[in-house]
Amino acid sequence: MNENYPFNEIENKWQNFWDGNGDFQTDLATAENPYYCLMMFPYPSGKLHVGHGRNYIIGDAVARYKKMQGFDVLTPMGWDAFGLPAENAAIKTGTPPAEYTVANIATMKEQLRAWGCMYDWDKEVTSCMPDYYKWTQWLFIQFYKKGLAYKKNSNVNWCPSCATVLANEQVVDGVCERCDSEVDQKAMEQWFFKITDYAQRLLDDLEKLDGWPERVKTMQKNWIGRSEGTEVDFKIVPRENGEKDHIDHVTCYTTRVDTIYGCTYMAVAPEYSELKNLIKGLPQEQEVLEFIKESSKLTNLDREADEVEKAGKFTGRYLINPYNGEKIELWVGNYVLMYGTGAVMAVPAHDTRDFSFAKKYDLPIKLSIQNQESSLVLEEMEDAYTEDGICVDSAQFSGVDNREAIQQMTTYAEEQGFGRGTVNFRLRDWLISRQRYWGAPIPVVYCDDCGVLPVPESDLPVLLPTDVEFKAEGESPLKGSDSFMNCTCPQCGKAATRESDTMDTFVDSSWYFLRYLSACDDFQAVNTAIANKWMPVDQYIGGIEHAILHLLYARFFTKVIKDLGLINFDEPFGQLFTQGMICKKGPDGNLYKMSKSKGNVVSPEELLQKYGADTVRLYTLFIGPPEKEAEWQDTGVEGAYRFLKRIWRRVALNHSILEEVKEKMPDLSSMADAERDLYRKTNETIQQITRGLDGAFTFNTAIAAIMELMNAIDQLKIAEDSSESAKIVFRDAIESVVLLISPFAPHIAEELWVELGHDAGIMNADWPTVNEEALKRDEIELVIQVNGKVRDKIKVSAEASKEEIEEKAMSAEKAQQWLEGKTIRKVIVVPGRLVNIAVS
RNA sequence: GCCGGAGUGGUGAAAUUGGUAAACACACGGGAUUCAAAAUCCCGCGACUUCGGUCUUGUGGGUUCGAGUCCCACCUCCGGCACCA
């Protein structure tokens, strides 16, 4: 056996072997012990760098580990293949998106293979292929039939650079999450999914997700943004000239109805639907219209900046507060959002925004909540009092605790019929229309006579045309394809037109985990029996950047698909693991997430050639806790390489010893001390790693533990003339190292496994188990502390009683020096750990 | 402002959940081997020290025989939400 570690010879060999052996192909129907290990499928952007690799390496390690534990592991892989980069490439180079995408997939598939990440390619899904998007379209139609897909005209986020609309989730700090262009507001007719119908369930079911990171659940909770409050109808004071209005009241939403006796005006959003009607013909009309126009010019960015000066106009109309009959002014304010009802009752004394607005426009301020000390004096207030307290000047509610008053006053409003308790969500419906080519066409037809009609299921898929011109303009390229646009009405047979928008790519990725389970099924989207058997996914692995978008949409889809009766579970992912990003210092010396634009990518090719896949894998897992960000350091790779070389050498140099060992593990009692120590260390390592890997992903410490075991193996100093039992213990330790490291560095493990005389296919070997007997110690080292400081160490028998330990500790030589002349006040004996002597 | 997470050597980090702080590595320094280099092996590596020790887990208090870990107050950083009424 060559003593130099020949990674370049063995890695490809074993990758071929795994393929040929079908080790990663899983029979979904017959598997008895299913374990679904899923990695977020990538967008085929071209090339993966080592930062991307973390996701797949972690996933592969989990899959191999679970396989060795006897599970029937399913690890599929696919491609989130629709999306803008392919289309932009088409605009730039003229390469059709399909061609570009297919080429990238081929490259990335090779890269995954070169990393030793093996998948069940029989179940590959590619979201841009007709056999996939047919079923995406089918699901759209089911959503449509259930009233969960609808079209409406509304203000939407428009990215001028991407030339398409965006979902709220895709707008980050007022800019497009993809290209960082400032997003405009534009009124357009667009398709939406009614995710708001599922807001409560999406919120409630977060409770069930014990295997999800807390921070992801919190992010989703914030995003859904539930708030409980009260709607109150304020009657509009009729016009003096007797003219009628369309409406007779304005409804506001508040979470603080307890402060309503302090309400001194009402403010509506500039976009408030009835506003223009309410001001028609009034002297204030022009001024207010002007104001509305000004406000609409404010971009998202301006609105989100804290500095935006609150501004507003009196509309000329008045309302009646139904609780006390007071007449108040109706204002329009730029600080009021179209949230709730778009109208807010203003209580300057108890809301900081209303306070500054009232001060600016000299509106009245009334105190209606008093603090516990009754120390609030209106004239002295410099800001609103927003804490809890006691209602004052609030008619029959005066003296009531304000939290209690919310209940009482809501009930009162319901009894009187001018208000009601209600719940509001921050979550908006999901805008899925995209004015782009490279996505699944929305399967809808417009007929002049019959209106909007879904494409009949038998006509699916609605194929993307190829006779299109790619341009970065504001219209879908599909509009330019006559062959696509012109069709017949499925109902009346007359000429009709197709919808030219395509679906957001997040629609594709919201159900791909179900499609892996029926990848080749031409007759149905979801195989119910198989899905119920394999889902929810046991372990999902991906980046934290999907905490809201993808993970929320996938949960929504799962719930809808359950309601369609196709599956019997309502959460898609049991355990979720979000790995941290890999960063590297850029040319400017700052640390960035690895990306082309920062010029700090490390591509795997060079590393694989220099060190091999196992080294890259081992370093990636050893770099730090996998859920945290990590800084890539090239010298660290060297360290991983050194360790693998060391394992290899230890086997190669002792090959004959390892080969000649045939005997079984001898009795513990017949082992020399050094042998027992190593045998114990081997079992401790197995225990530690297994505990770490179950539930948590402590790869970094698992690898450290294997390194420690290697250090212990070297302590034994095995040689040809060592005793038979030493050789057995040595071999057992080496074999354990090979098994334990195999999920992380599978190629070297396979090779050494065979060198140790086993059949090829280490992933089908059993994960090592702990011999409890071996863990026991005859003698234990105890620390002796005096007043909590370590002063001495003693060795005692493992069976020693507390009394014996105490006695031995007290007489320990060094401890004695610290006890001299002191009064012993207390002695604490912690068996197996330490003795602490408290003196004064 | 609200919510979540973190702060430990030159660096990445460990610490059986209240029990020897710094495991395992990286970097660095010294030595062996070598004509030389690479590779490999051995030793050292928190700070101060009068070589007895003393101090040390963001800061300050507290609980405890004992605190990186628990409690209180504060500081800093990261992430999410945010004019949401």
Side-chain angles (χ1 to χ4, degrees), chain A residues 3-4 172 213-227 229-230 252-257 259 266-267 269 303-306 308 310 333-347 350-354 356-357 386 424-426 544-545 547-548 580 619 622-625 627-640 642-643 645-646 649 684 687-688 691-692 698 700-711 714 781-793 817 824-830 832-840:
Chain A
E3 81 177 74
N4 293 316
V172 180
E214 211 50 53
R215 63 172 167 162
V216 174
K217 290 193 274 186
T218 310
M219 280 157 84
Q220 293 214 350
K221 213 167 168 177
N222 287 342
W223 189 260
I224 296 168
R226 183 183 200 270
S227 88
T230 314
C252 69
Y253 171 74
T254 179
T255 54
R256 289 294 305 274
V257 70
T259 64
M266 168 122 33
R303 274 202 156 191
E304 278 176 24
D306 287 339
V308 171
K310 287 187 183 29
N334 66 350
Y335 71 102
V336 183
L337 306 174
M338 278 309 295
Y339 166 80
T341 62
V344 294
M345 65 175 216
V347 185
H350 304 297
D351 183 285
T352 51
R353 296 155 302 184
D354 299 343
S356 57
F357 193 84
T386 56
N424 259 298
F425 292 93
R426 214 190 66 97
I544 185 72
E545 66 273 20
I548 297 174
Y619 174 62
F622 188 59
I623 195 167
E627 69 279 5
K628 279 176 63 177
E629 274 188 11
E631 186 187 344
W632 186 272
Q633 268 161 341
D634 294 326
T635 50
V637 183
E638 199 88 38
R642 266 204 289 272
F643 181 59
K645 280 197 289 188
R646 192 171 151 214
R649 216 178 309 116
E684 281 172 354
Q687 183 179 55
Q688 191 194 332
R691 275 187 188 163
T698 53
N700 52 331
T701 50
I703 292 165
I706 300 173
M707 289 171 168
E708 274 190 70
L709 178 55
M710 274 308 287
N711 291 344
D714 287 357
E781 191 181 63
L782 290 184
V783 163
I784 300 173
Q785 296 181 334
V786 178
N787 283 347
K789 290 201 163 65
V790 180
R791 297 303 185 190
D792 206 347
K793 286 170 188 179
Q817 297 169 19
I824 293 168
R825 298 177 48 207
K826 203 170 180 182
V827 180
I828 287 99
V829 179
V830 184
R833 291 237 170 260
L834 51 73
V835 180
N836 190 9
I837 305 162
V839 301
S840 58

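Letters A, B, ... are given to chains in the order of the sequence lines, protein chains preceding strands, and every chain is numbered from 1. Atom set for the values below is all heavy atoms of this structure, side chains included, hydrogens, waters and symmetry mates excluded.
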Could you work out which one of B:G19, B:A82, B:A27 sits closest to the side chain of A:Asn836?
-> B:G19
Who are the side-chain contact (heavy atoms from CB on, under 4.5 Å) partners of A:Asp714, not counting sequence neighbours?
-> A:Arg646, A:Arg650
Using the C1' atom as the reference point in each nucleotide, state the distance between B:G30 and B:A14 in Å, no decimals.
-> 27 Å
Mind checking A:Gln688 for me? I need base, sugar-phosphate or nothing, with any heavy atom below 4.0 Å counting as a touch.
-> nothing
When you compare B:G53 with B:U49, how far apart are their C1' atoms, in angstrom units rounded to a whole number?
-> 8 Å
Is a donor-acceptor pair below 3.5 Å formed from side chain A:Lys645 to base B:U40, judging by atom type as modelled?
-> no
What distance, rounded to whole Å, do you find between the two C1' atoms, one in B:G18 and one in B:A67?
-> 7 Å
For B:C77 versus B:G62, give the span between their P atoms, rounded off to a whole number of Å.
-> 28 Å
Please work out if A:Gly340 contacts a base, only the sugar-phosphate, or nothing of the nucleic acid, heavy-atom cut-off 4.0 Å.
-> nothing
Can you tell me if the side-chain N/O atoms of A:Tyr339 get under 4.0 Å from OP1 or OP2 in B:A85?
-> yes
Where along nucleotides 46-54 of chain B does protein come under 4.0 Å, by heavy atom, of base (B) or sugar-phosphate alone (S), with - for untouched nucleotides?
-> -------SS
Would you check if there is a donor-acceptor pair between the side chains of A:Tyr335 and A:Asp354 at a distance under 3.5 Å?
-> yes
Would a distance-only check, ignoring hydrogens and angles, find a side-chain to backbone donor-acceptor pair under 3.5 Å from A:Asn836 to A:Ile828?
-> no
Answer syn or anti for B:G9, where the cut-off is 90° from 0 on the glycosidic torsion.
-> syn
A:Ser227 has its side chain closest, among B:A85, B:U20, B:G80, to B:A85
Options B:A85, B:A27, B:C81, nucleotide nearest the side-chain atoms of A:Thr254 | B:A85
Its glycosidic angle compared against 90° from 0, B:U64 adopts the form anti
Nucleotide nearest A:Met707 when distance is taken to its side chain, options B:C24, B:C81, B:U40 | B:C24
First of A:Asn4 and A:Trp223 reached from the 5' end of RNA chain B, by closest nucleotide = A:Asn4
Of B:U40, B:G19, B:C41, the nucleotide closest to the side chain of A:Arg642 is B:U40
For atom P, what is the distance between B:U76 and B:G66, given to the nearest Å?
-> 32 Å
When you look for runs of 3 or more Watson-Crick or G-U pairs in a row, both distances below 3.5 Å, which of them include RNA chain B?
-> B:1-7 with B:75-81, B:10-12 with B:24-26, B:28-32 with B:40-44, B:46-48 with B:53-55, B:58-62 with B:70-74
Let me have a per-nucleotide readout for nucleotides 3-15 of chain B, 5' to 3', with B, S or -, counting only protein heavy atoms under 4.0 Å.
-> SS------SBSS-
By ring pair (Phe, Tyr, Trp, His ring centres under 6.0 Å) - contacts of A:Trp223 (at least two apart) = none
Atom CG of A:Asp634 to atom P of B:A27: distance rounded to whole Å?
-> 11 Å
What's the spacing between A:Ile548 CD1 and A:Asn222 CG if we round to 0.5 Å?
-> 8.0 Å
Nearest to side-chain heavy atoms of A:Tyr335, which nucleotide of B:A85, B:A23, B:G19 = B:A85
Drop me the distance from A:Glu638's CD to A:Gln633's CD, to the nearest 0.5 angstrom.
-> 13.0 Å
Between B:A37 and B:A32, how far apart are the P atoms? Round to whole Å, please.
-> 12 Å
Side chain of A:Leu337 (C-beta onward), nearest among B:A85, B:G80, B:G19 = B:A85
For A:Glu708, which residues count as a salt bridge (charged side-chain N to carboxylate O under 4.0 Å, His left out) partner, sequence neighbours excluded?
-> A:Lys681
Closest nucleotide among B:U20, B:C83, B:U40 to the A:Lys310 side chain | B:C83
P gap between B:A47 and B:G29, integer Å | 16 Å
Pick the nucleotide of RNA chain B nearest each of A:Ile828 and A:Asn711; which residue has the one closer to the 5' end?
-> A:Asn711
Please measure how far the C1' atom in B:A15 lies from the corresponding atom in B:U20, and state the result in whole Å.
-> 11 Å
Minimum-distance nucleotide to A:Asp351 side chain [options: B:U20, B:A85, B:C81] = B:A85
Base orientation of B:G52, chi within 90° of 0 counted as syn, else anti, reads syn
Residue A:Glu781, side-chain heavy atoms: nucleotide from B:C24, B:G19, B:U20 that is nearest | B:U20
Sugar-phosphate, base or nothing in reach of A:Arg825, heavy atoms under 4.0 Å | nothing
